There are 2 protein chains.
Amino acid sequence: MAISEREHGRFSYEGLDRVIHEKARLSVLTSLVAHPKGLAFPDLKRLCNLTDGNLSRHLAVLQEADLVSLEKGQSQNRPQTVCRLTTAGRGRFLDYLAVLEQVVRDTAKAAERAPDFSTKTA
Amino acid sequence: MAISEREHGRFSYEGLDRVIHEKARLSVLTSLVAHPKGLAFPDLKRLCNLTDGNLSRHLAVLQEADLVSLEKGQSQNRPQTVCRLTTAGRGRFLDYLAVLEQVVRDTAKAAERAPDFSTKTA
DNA sequence: CGCGATACTTTGCATCGCAAAGCGCGCGGC
DNA sequence: GCCGCGCGCTTTGCGATGCAAAGTATCGCG
């Protein structure tokens, strides 16, 4: 079966932004989209099951990319960094999500055509 | 808003297998699930928009992880590597996909609660 | 023959994820 | 009142990895 010219890049999923498409950062962004009021560093750490260092690094990357904003303040005389999705970040994340949905759809379509390919291997 | 103990790891998505969760390999696996009869190296290369070296490396990784099988043969006096999903590979990919769906659902739920958070910021 | 094209593989580099160690600063014990 | 523990976060170091450019091998064609 030859691949038609039309199919060129059919499954390349260019929209999968490297900054977003990363387990830890995907976790962070999903957490944030679910908590529009923002989340404190320790909460984020727990929700995403990340170590301090890890979360710190990923937040820096996300901030650099202007996907999140970090508000460093004080709460009960302790430092407290509150993290929020930026408007642009929300937009880009939703775009990314749309591509993910496409992946899911592409697979679902195929899985449906061959629900148990081990028994009727082409 | 404090995060309850229950929410611990709520968004950690442990099921996002590092081997699968990678733009290029995700492309390859999706292509393969859509073509259960297997795909030749050049076809895969076109579908995923990958360079030779890139595809070669990723296929090696996928084979190492026993997600795909590589059948190196000859066709018209030219080497031809045909690539197929293994049964285990298909299973693990579908598991991965289930987690992706969860991500999409989590986000959709949140986006629905605040369709345009830029206008009514918290 | 030799030149180009096809089908890969290997090498090299620059990036990046991750964990361990480090830093600053309140607070409680003594 | 200083001392050390703990919390909140940052920096450092390293091993792994994605990616592209270069390399190898074989075939077809003039």
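Chain letters run A, B, ... following the sequence lines, proteins first and then strands; every chain starts at 1. Small disclaimer: the values here were computed from a predicted structure and weren't measured.
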Donor-acceptor contact present, side-chain [X] to main-chain [Y], <3.5 Å:
X	Y	answer
A:T86	A:D66	yes
B:S31	A:F11	no
A:S56	A:D52	no
B:R84	B:K37	yes
A:R46	B:G9	no

A:E64: what forms a salt bridge (charged side-chain N to carboxylate O under 4.0 Å, His left out) with it, not counting sequence neighbours?
->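 Checked A:E64 against salt bridge (charged side-chain N to carboxylate O under 4.0 Å, His left out); zero matches.
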Sequence neighbours excluded, every pair satisfying side-chain hydrogen bond (donor to acceptor under 3.5 Å, both in side chains) that has a member inside residues 92-101 of chain B | B:D17-B:R92, B:H21-B:Y96
According to a strict under-4.0 Å criterion, is B:K72 in side-chain N/O contact with OP1 or OP2 of C:dT9?
-> yes
Euclidean distance, atom CD of residue A:Q74 to atom P of C:dG24 [Å, nearest integer] | 15 Å
Estimate the overall bend of the helix from C:dC1-D:dG30 to C:dC30-D:dG1 from the end axes over five pairs each, rounded to 10 degrees.
-> 20°
If each of B:P79 and A:T81 is mapped to the nucleotide of DNA chain D with the nearest heavy atom, which maps nearer the 5' terminus, i.e. the 5' end?
-> A:T81
A:R78 or A:F41: which one's nearest nucleotide on DNA chain D is closer to the 5' end?
-> A:R78
Go through DNA chain D in 5' to 3' direction and return only the first and the last nucleotide with some atom under 4.0 Å of chain A's heavy atoms.
-> D:dG6 to D:dC19
A:N49 and B:Y13: side chain donor to acceptor below 3.5 Å | no
Are B:L70 and B:V82 grouped together when hydrophobic residues (ILVMFWY) are joined by side-chain heavy atoms under 4.5 angstrom apart?
->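 Shared cluster, no.
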Scan for ring-ring contact (aromatic ring centres under 6.0 Å, His included) pairs involving residues 55-93 of chain B, sequence neighbours excluded, and state none if there are none.
->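 Those involving residues 55-93 of chain B do not exist here.
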Give me, pair by pair, the N or O atoms of the protein and of nucleotides 13-21 of chain C that are less than 3.5 Å apart, along with how far apart they are.
residue, atom, partner, partner atom, Å
C:dG17, OP1, A:R25, NH1, 2.8
C:dG17, OP1, A:R25, NH2, 2.6
C:dG17, OP2, A:R25, NH1, 3.3
C:dC18, N4, A:R57, NE, 3.2

